[in-house]
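We use all heavy atoms of the structure for the numbers below, so side chains are in, but hydrogens, waters and symmetry mates are not. A, B, ... follow the sequence lines: proteins, then strands. Residue 1 opens every chain.
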Amino acid sequence: MTLESPNFLLVVPEMFVLGMACLILIVDLFLDEERRGFSYFLAQVTVIGAFALTLWLEPAGSHLTFGGSFISDPLGNFLKLPIYVLTGVVFLYSRGYLQERGLLKGEYYVLGLFGMLGMMVIVSAHSLLTIYLGLELFSLSLYTMVAFNRDSLQASEAAMKYFVLSALASGILLYGLSLLYGLTGTLNMAQVADFARHHLGENKALVFALAFVLVGVAFKFGAAPFHMWIPDVYHGAPTPVTLYLGAAPKIAAFAMAMRLLVDTLGPLQVSWGPMLMVLAVLSLAVGNVIAIAQTNIKRMLAYSTISHMGFLLLGLLAGTRAGYSAAMFYAVIYALMSLAAFGIVILLSRSGFEAERLDDFKGLNERSPWFAFMMLLVMFSMAGVPPTAGFYAKLAVLAAVVDIHQTWLAVVAVFFSLIGAFYYLRVVKLMYFDSPVDREPISAGLDMRLVLSANGLLLLGLGLYPSLLMGWCIAALR
Amino acid sequence: MFYHIPWLSLAIWTPIVGGVLVLLSGDKAPDGARRIAVLFALVTFLLTLPLYIGFDVTTAQMQFREHLPWIPAFNIYYSLGVDGISMPLILLTSFMTVLVVIVGWVSIQKRVAQYMAAFLIMEGVIIGVFSALDAILFYVFWESMLIPMFLIIGIWGGPRRVYATIKFFLYTFLGSVLMLVALIYLHFRSGSFSILDFQTLKLTMNEQLLIFIAFLLAFAVKVPMWPVHTWLPDAHVEAPTGGSVILAAIMLKIGAYGFLRFSLPITPDASHRLAWLMIALSLVAVVYISLVAMVQKDMKKLIAYSSIAHMGFVTLAFFIPFAIYASTKSLNGAVLAVEGGIVQMVSHGFISGALFLSVGVLYERMHSRAIADYGGVVNRMPVFAALAVFFAMANSGLPGTSGFVGEFMIILASVRADIWYAVLLATALVTGAAYTLWMVKRVIFGAVANERVDALQDLDGREFLVLGLLAVAVLALGVWPAPLIDVTHMSVQNLLSHIMISKL
């Protein structure tokens, strides 16, 4: 290893987020309840600053630093942007909710920012150790956030489940990574990939290690059969945390898959392709079928996540550039849909009342036609009905699958999305065809209303003109 | 200058913009919403007229073309254009929407703005379906159409509306998702999403068969063909009058249009090989569903089943050309059949729309669709009775009405394929007359059945205007169908000469 000094310019956004998170932690100690808004302000400044720094400092091409363990490339730099946006919007949606319940503490933002930092590290990892480091930073923040409402039995239980299962998955992943290290003698992803390319077909141990790595990745996606934690954690966590869990980490999981499966073990695509196929079909089946039986919207959306991850994996397993960009497009669109869906749940909730049951959506069209329409857009987008963004996400993935001569997979996928359409329709039915049980007016801040509306309209806008985002997703992988 | 105006885009986006405006005007000012809606529906109708006036009947080429890049990553274009097959259907759409909006003026009191907006947006989307020349653009419009209809049935429908609308949505979604896979496959093979490129693409028999089946599911559900028709009676019975009219007059045509635009030209050999199946299913629809219609106790259900039977004529007409060509070695009979099918589509649009509107007139007064609740309506509503009897006659194919022209052309053509087809089709004329006229006898004629019928008021000016316009249309098309047949002729001829050449 050479001792040249690392190029710090490439990690300025990461250092900025780290510094600001620490700063908020300290500043918040000196703030009393009324001034807590300042922490919120600083957190948003951090997010916006990181966004600007990433855009501003973005180097052309790929650059390695820290002895080849950190990479700055178009993929990483592009994926960080939605992560910032999603985190910022999560902070915005959460604020009113946490305030009403006396949960607004500076730690929420600190943990959120550390989680974001973890995701940034995953996205830019170029060594097996870096990716594990990012993963743990991000997971530890999330465990704590899930348990944020420490008086809630449900939340503590969810956090415990999440912690135990996630620790197990991390252990399995780490075991796989250590096998890779043992086989190749290096932690550098490119070197592992080189080794795999040259020892293709003769080293069963590589496939053995791959299986462990894949389990770790599948767990982070929440793909069946590693999905057990998703419904319980989504349900148990405070809704803003569910919102956080449901959006940005999907992009991080995609990045993890790209780094570990494509960058590191790309030569083994013939092995991981079929494995992902099993995961994808199982996820589509489990997610879509079980979601029908749910009466709690958070649980329903949790199962819907599983099915969406199945779709995303379909894009990945194609193993083509078009497939990766389709999966990336899917991840971004899914994060936006999930953000809007949980945003509406938060919008309908108020102090002492969680709008978690499907029945709480009854007659929303009478109470608020506008937000009912937003939810309608989200639901049809999740079901993949044009002219919403969800359709193009599915179209891109299906096209990628058909391109590798696996038309049957596309048929299976559309059949399961047909089943999925039923429970999305049910939400629309409750909102539009039933009369409201709860007639409380919706109390939410103007900022939340505006951002939520923008979020919903974005799904329609991307449905009418998806080519810009699609073009970015393709460019990021070039 | 005239041809540089994007007429098709105007026809698509004017009603959609109008719908959004109506939606924004809100439910608090229903009269405003109604006025804006009628205005936009009328303007859209006027905007579709240039398509007819400027139409060149001497060519089978797509006309009024618009071609802009939309999603370059997948070679998807915002590509529009019409030929003689789609243009009449666009006019039908914009005409029927005007009527539907006028009809909804009084009968809808709940959430008026949303109702009007749904119809306007749906109008734009349906015009989009008929004019899209890019498969994905077509699919986007095709699926988007479901959302307003889903809401229309679900919000303003009858007591079992939720069941009916979810059944409607899932049924049609089932058919269309497989079509999506077929379209993606065709893109994979041809590298483009242009429907015209698909039509010239060489495909093996196996590919053709699978693609044909995928298309068949999508279009058969929409038409609907027996045995995937069961959503239709439910949807019709529960839908509000306007919804039923659009469903019967236009949505069903989209399935039939799909056969002409996709199934036949893209997979001609599979169509040829499976023509027997299509003809068999159509004949079942014509013969069996007519009998089913006979025993209905609900007027809307009866008309719904009658629609399925009449659409059976259309699907038969589209798949019989292979047999006609085989036996006569000439395209003339085949052209006659397909043109008959198109005339039947337009005519059925007018007649079924008129019949549903007539039922709507009665339903608004009595809040019942059961035939048994009526009797002797003619004594209290003579003007209505005259019009209703006229539409009933048209429905059973009386010469001089549009119902006769299409059915006659189809039967005439089918004789050239096989006399038995003609015989079976002709039974529908008998049963059609039987169920329609029997309903008319029980509802309209006879002595006044009860005091509620006794209290009926005759048509008001608005209702008379709507039914009168339809009566004129039915009569005009029945007496002089040439303007319609002329515009379709070149396109049909071109289509048939294309499909008679094997792609293998």
- Max heavy-atom pair count under 4.5 Å with chain B, selected residue of A:Pro387, A:Ala383, A:Ala410: A:Pro387
- Query: Any side-chain heavy-atom pair from B:Val140 and A:Tyr392 closer than 4.5 angstrom?
  - Reply: yes
- What part of A:Phe373 gets closer than 4.5 Å to chain B, counting heavy atoms only: side chain, backbone, both or neither? neither
- Could you check B:Phe173 against A:Phe422 for side-chain contact (heavy atoms from CB on, under 4.5 Å), going step by step and ending with a plain yes or no? CA-CA 10 Å; B:Phe173 200 54; A:Phe422 173 76; over 6 Å; no
- chain B heavy atoms under 4.5 Å from A:Leu425: which part of the residue, side chain, backbone, both or neither? both
- Item | Heavy-atom pair count under 4.5 Å with chain A, highest-scoring of B:Trp142, B:Phe74, B:Phe150, B:Phe141 | B:Phe150
- Could you give the distance from OH (A:Tyr465) to OH (B:Tyr78), rounded to the nearest 0.5 Å? 13.5 Å
- Parallel, tilted or perpendicular: which describes the rings of A:Phe380 and B:Phe169, with under 30° parallel and over 60° perpendicular? tilted
- Measure distances from B:Leu151 to the heavy atoms of chain A and classify the residue's part below 4.5 Å as side chain, backbone, both or neither. both
- Item | Proximity breakdown for B:Ile76 and chain A, heavy-atom pairs closer than 4.5 Å | side chain
- Any donor-acceptor N/O pair, B:Arg111 side chain to A:Asn365 backbone, under 3.5 Å: no
- For B:Tyr139, is it the side chain, the backbone, both, or neither that has a heavy atom closer than 4.5 Å to a heavy atom of chain A? both
- Note: A:Ser467 and B:Ile71 closest approach over all heavy atoms is CB-CA, 3.7 Å
- Message: Quick check on the interface: out of A:Pro369, A:Ser325, A:Pro466, who has the most heavy-atom pairs with chain B under 4.5 Å?
- Response: A:Pro466
- Query: Pick from B:Pro72, B:Gly154, B:Gly157: which one has the most heavy-atom pairs with chain A under 4.5 Å?
  - Reply: B:Gly154
- Task: Begin with the C-alpha distance, continue with both residues' side-chain angles, and end with the deciding distance and a verdict on side-chain contact (heavy atoms from CB on, under 4.5 Å) for B:Leu180 and A:Leu395.
- Result: CA-CA 8 Å; B:Leu180 177 65; A:Leu395 175 72; 4.0 Å; yes
- Task: Would you please test B:Tyr185 and A:Leu398 for side-chain contact (heavy atoms from CB on, under 4.5 Å) and show each step?
- Result: CA-CA 9 Å; B:Tyr185 185 80; A:Leu398 293 177; over 6 Å; no
- Task: Carefully, step by step, assess A:Phe391 and B:Glu143 under the rule side-chain contact (heavy atoms from CB on, under 4.5 Å).
- Result: CA-CA 10 Å; A:Phe391 166 68; B:Glu143 288 278 83; 5.9 Å; no
- Query: If you round to the nearest 0.5 Å, how far is NZ of B:Lys110 from CD of A:Glu366?
  - Reply: 7.5 Å
- Please work out whether the ring planes of B:Phe188 and A:His405 are parallel, tilted or perpendicular, with thresholds of 30° and 60°. perpendicular
- Task: Among B:Leu23, B:Ile166, B:Leu183, B:Leu178, single out the residue with the greatest number of heavy-atom pairs under 4.5 Å to chain A.
- Result: B:Leu178
- Residue part contacting chain A, namely of B:Leu210, when any heavy atom lies under 4.5 Å: neither
- Message: What's the separation between atom CG in A:Leu418 and atom OH in B:Tyr171, rounded to the nearest 0.5 Å?
- Response: 12.0 Å
- Would you mind checking which part of B:Thr165 comes under 4.5 Å of any heavy atom in chain A, side chain (CB onward), backbone (N, CA, C, O), both or neither? side chain
- Reported CE-to-CD1 distance for the pair A:Met379 and B:Ile147, which is rounded to 0.5 angstrom: 13.0 Å
- Reported CD1-to-CG distance for the pair B:Ile184 and A:Asp403, which is rounded to 0.5 angstrom: 9.0 Å
